[in-house]
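Position 1 is the first residue of the sequence, and the numbers go up from there.
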Amino acid sequence: MTKSDSKNTRAVELGRYIAQSECTVRDAAKHFCLGKSTVHKDVTERLARIEPELYERVRKILDYHLSVRHLRGGEATKQKCTKSRLIE
């Protein structure tokens with residue numbers, strides 16, 4: 001198996017995992033012990049060339065996560081502030 005074959009296989013595995021679990025790039029990176037940049041490159045660039053249908057499913061999930069990112073950040077900040085007020 002060549003290096004590019006293993007990267008292509010990894011991209012497909014990542015795509016299937018994200019499509020099945022509807023997780024974020026960060027969650028997939030943790031699950032596969034990879035960097036976020038590696039996961040993002042695999043599922044946005046490599047996967048588009050290898051399996052276009054899977055890429056489209058993954059792209060929809062990633063677009064959704066991008067659209068709610070600001071809400072998650074606000075919620076995390078709210079919880080952090082609430083937690084710090086309870087400690088004081």
Side-chain angles (χ1 to χ4, degrees):
M1 179 179 279
T2 65
K3 199 174 218 180
S4 65
D5 288 343
S6 65
K7 287 182 180 181
N8 291 343
T9 303
R10 182 181 68 202
V12 171
E13 286 179 19
L14 285 165
R16 287 181 182 153
Y17 179 76
I18 291 172
Q20 180 183 7
S21 65
E22 297 186 359
C23 67
T24 63
V25 169
R26 185 179 297 244
D27 292 336
K30 284 181 187 176
H31 181 80
F32 286 92
C33 299
L34 297 169
K36 292 184 303 181
S37 298
T38 303
V39 172
H40 192 268
K41 183 177 180 96
D42 282 354
V43 297
T44 57
E45 294 178 17
R46 288 191 179 99
L47 193 59
R49 290 190 312 256
I50 303 165
E51 286 198 32
E53 291 127 17
L54 179 58
Y55 167 76
E56 287 301 321
R57 291 193 330 217
V58 171
R59 184 78 250 167
K60 287 180 184 177
I61 294 166
L62 296 181
D63 287 344
Y64 168 75
H65 288 302
L66 182 64
S67 72
V68 298
R69 178 176 63 183
H70 66 286
L71 299 172
R72 287 190 182 150
E75 184 62 32
T77 302
K78 180 181 174 184
Q79 289 177 1
K80 180 180 172 185
C81 291
T82 303
K83 188 176 181 182
S84 69
R85 285 186 194 136
L86 293 174
I87 293 173
E88 292 176 350

Taking all heavy atoms of His40 and all of Val25, pick out the closest pair and write down the distance. N-CG1, 4.1 Å

When you compare the side chain of Arg16 with that of Arg57, does any pair of heavy atoms fall below 4.5 Å? no

Between Leu47 and Asp42, is any pair of side-chain heavy atoms under 4.5 Å apart? no

Hey, what do you get for OH (Tyr55) to CD (Glu45), rounding to the nearest 0.5 Å? 9.5 Å

Rounded to the nearest 0.5 angstrom, the NZ-CG distance for Lys41 and Leu34 is 14.0 Å

Judged by atom type as modelled, is there a donor-acceptor pair below 3.5 Å linking the side chain of His65 to the main-chain atoms of Glu22? yes

Straight-line distance of Ile50 CD1 to Lys7 NZ, nearest 0.5 Å: 11.5 Å

Residues Ala28 and Val39: closest non-hydrogen pair is CB-CG1, 4.1 Å

From Asp63 CG over to Leu66 CG, what is the distance, rounded to the nearest 0.5 angstrom? 6.5 Å

Given side chains that start at C-beta, do those of Thr38 and Leu14 come closer than 4.5 Å, heavy atoms only? no

Please round to the nearest 0.5 Å and tell me the distance separating atom CZ of Arg46 and atom CD of Glu51. 14.5 Å

Nearest heavy-atom pair of Ala48 and Thr44: which atoms, and what distance? CB-O, 3.6 Å

What are the two closest non-hydrogen atoms of Gly15 and Val58, and how far apart are they? O-CG2, 3.3 Å

So NZ of Lys36 and OG1 of Thr24: to nearest 0.5 Å the spacing works out to 9.5 Å

Within a strict 4.5 Å, meaning less than it, do heavy atoms of the Phe32 and Arg10 side chains meet? no

